[in-house]
Amino acid sequence: MPDDRFPTKVMQRVVLAGGGHAHLAVLDDWARTPLYGVETWLVTSDRFTAYSGMVPGWLAGHYRAGQQLIDLRPLAKRAGVRLVIGTVEGLDANRNQLTLSSGESVSFDLLSLAVGGEVDTSPLASLGDRLLPVRPMNAFVARWPLVLKDAAGRHGFSLVIVGGGAAGVELALAAEYAFRSISTKPRVLLVTSENGFLTGHARATIARVRAELEGRHVEVLYGDVVGSEDAVLLPTGMVIDADYVIAATGSKAPRWLKASGLALDRQGFIEVGSDLLSVSHDNIFAAGDIVTRTDREVARSGVHAVRSGPVLAVNLRAKLNGQILHQYIPRRRTLYLLATGDKRAILSWGAFALSGGILWRLKDWIDRRFVRHHTVTAEQER
Ligand SMILES: Cc1cc2nc3c(=O)[nH]c(=O)nc-3n(C[C@H](O)[C@H](O)[C@H](O)COP(=O)(O)OP(=O)(O)OC[C@H]3O[C@@H](n4cnc5c(N)ncnc54)[C@H](O)[C@@H]3O)c2cc1C
């Protein structure tokens, strides 16, 4: 006779690691349709997640403090998920175990990893406190008001942004706008690789962005820089004095993945198929900035992280029920709206580019709607 007090089947545990763009849709799905018979956990390093689309607008001063943040606590509560605030610093994929920086370990039956990428700051490390890496984004957001305070009333205040991706360009233009009213003759410089900025975007978009940067006196320099105590050095020997340096140099895979046992690409990103399942472990999904697709090239961007979320949600459920997995198939062209800091935006869609104030209003509407959708009001919490 089975003893009813001890269930013969131990409850399975599904763990989400990372509470960012890719996992928001999963929390949403679980709130709508709870997963019965399994324990669900969210392990994430911060209670709040900054919605990246609004960060440049916030930097430019168009949003109140906190308006770009999503509070994960009520979302987890609504989804019936146990929230653990902790930083993963190890994974043993063969033993189904995560290790947190606190020393605790978290075991799982099914894992979804979306902890986002890191920024490689090693060439700029000598800058010390002058260096602001864009990740962790919450730390970056916390430090920006101090930069503004420092720039206020100064003549010739100099900010260097290293990284010519969409984030670097948007931050340079947002910073130029923010400094305009508080300091005289501020210098904003964007340093990008020899390949130029916004690689992967069409020529029409790059031309519009170049004109925008020129018109706003944001100087663009090319080459891999290294930092010194108070400057960055270009390979040409040119020295650029910097009060602060923002590192927006793109995503680097977390180092701890190396020892995880997961199949990784040469740069250390997790290899997944179109179903977002690890190619080496069939109980580990991964999405967002820490993955490389083995079937096609998919850019590491918030757009793809967000869009892969609903597929992750369906597939976690399907895996538990032994059903067929869905695929995340990106659209052939991705629409990007790049904020120019002055309440305008540049639309980039395939070979097509457009700029104007109405595009900023559209972006603002989309972004606010996204944050609102993932915000649990006090009334809903009751
Ligand atoms: C300033 C800026 C502006 C950007 N603007 C755009 C844009 O306009 N459009 C666009 O498409 N993309 C944009 N991006 C890129 C976009 O932010 C990323 O592609 C996207 O955030 C990736 O989503 P993700 O879910 O992989 O990771 P994230 O959204 O970064 O989420 C990672 C989550 O994991 C948590 N975490 C991190 N490390 C650990 C750990 N070790 N253990 C536990 N938890 C951890 C974090 O706290 C966070 O909750 C921008 C990026 C920046 C920096």
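Just so it is clear, the structure is predicted and the values come from calculations on it, not from any experiment. Every number for a ligand or one of its atoms is a count from 1 in the order of the listing.
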Give the atoms of ligand 1, by number and element, whose distance to some non-hydrogen atom of [X] is under 4.0 Å.
X	answer
Val303	10 (C), 11 (O)
Gly302	10 (C), 11 (O), 12 (N), 15 (C), 16 (C), 18 (C), 19 (O), 20 (C)
Val134	53 (C)
Ala22	25 (O)
Gly288	26 (O)
Ala114	32 (C), 33 (C), 34 (O)
Glu170	5 (N), 8 (O)

Quick check, are the ring centers of Tyr51 and His21 under 6.0 angstrom apart?
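Yes; His21 has its ring centre under 6.0 Å from that of Tyr51.
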Check: Phe140 ring centroid to Trp58 ring centroid under 6.0 Å
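Between Phe140 and Trp58, the centre distance exceeds or equals 6.0 Å.
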Would you confirm whether [X], through its side chain, and [Y], through its main-chain N or O, come within 3.5 Å as a donor-acceptor pair?
X	Y	answer
Glu170	Ala339	yes
Ser308	Ala305	yes
Asp109	Arg13	yes
Arg73	Leu83	no

Check residues 240-251 and write down every donor-acceptor pair under 3.5 Å in which the side-chain atom is one partner and the other belongs to a residue at least two apart or another chain.
{"unit_1": "Asp243", "atom_1": "OD1", "unit_2": "Arg154", "atom_2": "NH2", "d": "2.6"}
{"unit_1": "Asp243", "atom_1": "OD2", "unit_2": "Arg154", "atom_2": "NH2", "d": "3.3"}
{"unit_1": "Asp243", "atom_1": "OD2", "unit_2": "Ser158", "atom_2": "N", "d": "2.8"}
{"unit_1": "Tyr244", "atom_1": "OH", "unit_2": "Asp150", "atom_2": "OD2", "d": "2.8"}
{"unit_1": "Ser251", "atom_1": "OG", "unit_2": "Asp289", "atom_2": "OD2", "d": "3.2"}

Provide, to 0.1 Å, the distance between [atom] and the closest protein heavy atom, together with that atom's residue and name.
atom	value
atom 34 (O) of ligand 1	Gly18 CA, 3.2 Å
atom 37 (C) of ligand 1	Val115 O, 3.0 Å
atom 52 (C) of ligand 1	Ala167 CB, 3.7 Å
atom 31 (O) of ligand 1	Gly20 CA, 3.1 Å

Pick from [options]: the one approaching [atom] most closely through a non-hydrogen atom:
atom	options	answer
atom 30 (O) of ligand 1	Met137, Arg307, Arg135	Arg135
atom 42 (N) of ligand 1	Leu338, Ile70, Val88	Val88
atom 4 (C) of ligand 1	Ser45, Ser52, Ala50, Ala287	Ser52
atom 22 (C) of ligand 1	Leu113, Asp289, Asp46, Asn138	Asp289
atom 23 (O) of ligand 1	Ala286, Ala305, Ala139	Ala305

Check the side chains of [Y] and [X] for a donor-acceptor pair under 3.5 angstrom, ignoring hydrogens and angles.
X	Y	answer
Asn315	Tyr328	no
His374	Asp71	no
Thr340	Tyr177	no

Using distance alone, decide if ligand 1 has a nitrogen or oxygen within less than 3.5 Å of any nitrogen or oxygen in [X].
X	answer
Gly19	yes
Leu72	no
His21	yes

Is the number of heavy atoms from other residues, nucleotides or ligands under 6.0 Å of Arg296 CZ greater than 12?
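Correct, the count exceeds 12.
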Is Pro254 close enough to touch ligand 1? Criterion: a residue heavy atom under 4.0 Å from a ligand atom.
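Pro254 does not count as a contact of ligand 1 under the 4.0 Å cut-off.
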With a 4.0 Å cut-off, strictly under, does atom 27 (O) of ligand 1 pick up any protein heavy atom?
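So far as the 4.0 Å threshold goes, atom 27 (O) of ligand 1 is in reach of a protein heavy atom.
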Salt-bridge test for Arg216 and Glu212: reply yes if a basic N is under 4.0 Å from a carboxylate O, no otherwise.
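The answer is yes: the pair qualifies as a salt bridge.
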Leu359 vs Ile346 side-chain heavy atoms within contact, under 4.5 Å
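The answer is no; the side chains never approach within 4.5 Å.
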